[in-house]
There are 2 protein chains.
Amino acid sequence: MKVLRIPEATVSRLSIYSRYLQRLERDGVVTVSSNEIAKGVGVSSAQVRKDLAYFGEFGTRGVGYNVKDLMHYILRILGLTRPWPVVLVGAGNLGTALCTYRGFKDRGFNIVGVFDNDLLKIGKRIQDLEVLPVERIPEVVAEHNVRIGIITVPQSETQGVADILVKAGVNALLTFGPTVVQVPEDVVVRNVDLSIKLEVLTFYLNLRETHPSAWFETNL
Amino acid sequence: MKVLRIPEATVSRLSIYSRYLQRLERDGVVTVSSNEIAKGVGVSSAQVRKDLAYFGEFGTRGVGYNVKDLMHYILRILGLTRPWPVVLVGAGNLGTALCTYRGFKDRGFNIVGVFDNDLLKIGKRIQDLEVLPVERIPEVVAEHNVRIGIITVPQSETQGVADILVKAGVNALLTFGPTVVQVPEDVVVRNVDLSIKLEVLTFYLNLRETHPSAWFETNL
DNA sequence: TAGATTGTTAATCGATTAACAATC
DNA sequence: TAGATTGTTAATCGATTAACAATC
């Protein structure tokens with residue numbers, strides 16, 4: 001039984017490599033070395049080769065990698081060679097921001113449904129989508145075979161919305177804020193807590209103020 | 001020369017512990033053990049004790065930690081015992097979402113200025129703030145002694161805005177999207193790329209589809 | 001062939017965990 | 001004193017890096 005254990009950091013870096021390769025391709029570059037990729041994105045060349053080695057052999061010794069091919073391989077590893085329909089629950093400011101965020105569409109994420117339970121928001125148009133009541137989640141998820149849900153409702157409602165999405169068949173969730181949601185173990189959840197991000201900054205600023213900088217070293 | 005090397009994960013966890021402690025305090029809990037904190041936030045109790053041990057001895061052997069005291073110690077470590085003025089550049093949907101996000105104010109982050117260079121947005125009111133032209137960044141940063149800037153402008157303008165902020169005296173930045181900004185080495189930058197987060201999800205979904213699940217194991 | 005760069009192994013580094021002496 | 005839990009050390013685990021044989 002083959003066991004493949006991939007560091008999450010590797011997956012994130014693959015995503016970064018693929019963007020760099022897209023830029024190289026736009027610039028007409030045909031071949032690239034692990035060393036160039038490494039410099040381009042700020043990691044070591046051994047790291048680049050190791051990350052790729054988890055998934056196969058994509059280069060030519062003595063030559064390097066074909067930009068277009070490698071980009072395509074990585075996109076395939078990340079599952080990005082096909083579009084992913086996504087539903088978004090919570091049509092507040094953050095939800096609206098994510099709906100209009102071009103970075104999603106660029107990578108093949110299509111928001112196919114926006115939901116809210118606020119009567120003032122239902123019926124509103126965001127881009128070319130109408131905000132629908134939460135009750136219609138199962139219908140839209142089934143229709144588009146949606147696997148991914150983004151939850152941008154207030155913290156207190158996040159668990160409830162997660163339950164509805166999971167029941168409807170969604171098996172990957174992106175949540176925001178300090179919430180931790182309980183889901184069946186076959187559902188993947190990732191969370192973005194912007195306040196924690198800011199607190200990493202204040203920790204660092206505070207440390208530098210309270211202690212002479214020469215005395216400390218952090219890996220932040 | 002004392003060298004203190006703190007894993008960034010430790011800092012993030014401290015932030016999580018402090019929220020959990022706040023909840024306990026609201027519930028009137030006086031004492032808590034590392035084991036209870038661990039269960040409450042989903043890490044090991046050794047991890048909790050180790051994270052705290054970087055900064056001092058906060059507990060009583062045989063008893064545990066005083067909830068209120070420990071919470072305060074952690075907030076002090078994170079630099080959160082004082083308010084932090086923050087400026088936000090980019091008054092689009094994401095910027096507006098962050099301005100109205102209560103999670104920031106709850107942790108002492110006060111947005112004291114919102115800027116944009118779009119004439120249609122300048123003068124608009126977001127909460128109790130008026131959107132100001134980018135030219136006024138130095139003035140506001142100086143007036144409130146701002147150390148932290150959040151950049152929510154389009155990718156192509158991020159570097160330029162970072163330069164303006166750094167020149168104005170800001171030394172911590174939070175950026176969004178796939179951008180990597182160049183800053184002097186005394187400036188701390190953290191980035192949130194929501195698309196990468198989604199790609200971690202698609203990687204996982206894709207892996208499960210393309211390979212029999214029993215054959216693989218990831219640490220995602 | 002000489003030069004270059006990959007793929008991979010072994011060494012290193014760093015973070016987490018287990019275990020336990022200290023001590024309330 | 002007996003029971004509990006901390007603070008800390010040493011062991012373990014896992015990820016990164018250095019180095020080099022393979023090979024274009």
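In what follows, chains carry the letters A, B, and so on, assigned in the order in which the sequence lines appear, proteins first and then strands, with residues in each chain numbered from 1.
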(message) Could you work out, with side-chain contact (heavy atoms from CB on, under 4.5 Å) as the rule, every residue matching B:Asp186, not counting sequence neighbours?
(response) A:Arg208, B:Pro184

Beyond-backbone contact of [X] with [Y], side-chain heavy atoms, under 4.5 angstrom:
| X | Y | value |
| --- | --- | --- |
| B:Val180 | B:Asn191 | no |
| A:Leu70 | A:Tyr17 | no |
| B:Val200 | B:Lys197 | no |

(message) Consider side chain to side chain contact (heavy atoms under 4.5 Å, CB included). Of A:Ile164, A:Val161, A:Thr152, which one does A:Val89 pass it with?
(response) A:Val161

(request) Using atom NZ of A:Lys39 as one end and atom C1' of C:dT5 as the other, report the distance to the nearest whole Å. (result) 13 Å

(message) Distance check needed: C:dT16 C1' versus B:Arg5 CZ, whole Å only.
(response) 16 Å

(message) Pairs counted only when both distances fall under 3.5 Å, Watson-Crick or G-U: show me the 5' to 3' dot-bracket for DNA chain C, [ ] for pseudoknotted crossings and | for other-strand partners.
(response) ..||||||||||||||||||||||

(request) State which residues pass salt bridge (Lys or Arg N to Asp or Glu O under 4.0 Å) with B:Arg26; sequence neighbours excluded, sorted by chain then number. (result) none

(request) Applying salt bridge (Lys or Arg N to Asp or Glu O under 4.0 Å), name anything that partners B:Asp116, two or more places apart in sequence or on another chain. (result) none

(message) We want to know whether B:Thr158 and B:Gln155 form a side-chain donor-acceptor pair, criterion being a heavy-atom distance below 3.5 angstrom.
(response) no

(message) Under a 3.5 Å cutoff, is there a donor and acceptor pairing between the side chains of B:Ser18 and B:Arg107?
(response) yes

(request) For B:Thr175 and B:Ile151, indicate whether the former's side chain and the latter's backbone hold a donor-acceptor pair under 3.5 Å. (result) no

(request) Can you sort out which residues in residues 14-35 of chain B have a heavy atom within less than 4.0 Å of DNA chain C? Ascending by number, please. (result) none

(message) Below 4.0 angstrom, which residues in residues 42-70 of chain B have at least one non-hydrogen atom near DNA chain C?
(response) B:Ser44, B:Ala46, B:Gln47, B:Arg49, B:Lys50, B:Thr60, B:Arg61, B:Gly62

